[in-house]
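Note sheet for the following structure.
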Amino acid sequence: MFEHKTKAIKGYSSKYSIDRLLYFEEFGHPQDAIESEKRIKGWLKRKKLDLVRTMNPKFKDLSEGWFDVG
């Protein structure tokens, strides 16, 4: 998240100011996380937004206050 918020690495997230955490899941094994990410990436935008709303209906930045990035 720090790298996203500070745009430390050039790429998609810095180009489009992707710097808020709206949703997350925890997994016991990295492979499970990779499989979930691939599955969600294949969804339509509306379904992804509905998933975010299950955890974060107000679309608040869940990483707010983690870093002092000015």
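It should be emphasised that the depicted structure is a prediction, and the values quoted were computed from it without experimental measurement.
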Could you please spell out the steps behind the side-chain contact (heavy atoms from CB on, under 4.5 Å) verdict for Leu62 and Leu22? CA-CA 6 Å; Leu62 301 175; Leu22 301 179; 5.7 Å; no
Euclidean distance, Leu49 CG relative to Phe59 CZ, rounded to 0.5 Å: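 Separation between the atoms: 5.0 Å.
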Calculate, to the nearest 0.5 Å, the distance between atoms OG and NE2 belonging to Ser14 and His4 respectively.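 Result: 9.5 Å between the selected atoms.
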Does Glu64 pair with Lys60 as a salt bridge, N-O distance under 4.0 Å?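 The answer is no: the pair does not qualify as a salt bridge.
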If you take all heavy atoms of [X] and [Y], which pair is closest and at what distance?
X     : Y     : result
Leu51 : Ile40 : CD2-CD1, 3.7 Å
Trp43 : Lys48 : O-CE, 3.2 Å
Phe24 : Met55 : O-CE, 3.0 Å

Tell me whether the count of non-hydrogen atoms from other residues, nucleotides or ligands lying under 6.0 Å of CD in Glu3 goes above 12.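 Not more than 12 within 6.0 Å, no.
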Could you note down all residue pairs passing salt bridge (charged side-chain N to carboxylate O under 4.0 Å, His left out) where residues 7-28 supplies at least one of them, sequence neighbours left out?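 The answer is none; no pair qualifies.
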Given salt bridge (charged side-chain N to carboxylate O under 4.0 Å, His left out), test Lys45 with Asp50 step by step and report yes or no. CA-CA 9 Å; Lys45 185 175 182 178; Asp50 288 343; over 6 Å; no
Does one hydrophobic cluster hold both Tyr23 and Leu44, with members joined at side-chain heavy-atom distances below 4.5 Å?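 No, Tyr23 does not connect to Leu44 through the hydrophobic network.
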Side-chain heavy atoms nearer than 4.5 Å, only ILVMFWY residues, links allowed to pass through others: does that put Met1 and Ile18 together?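 No.
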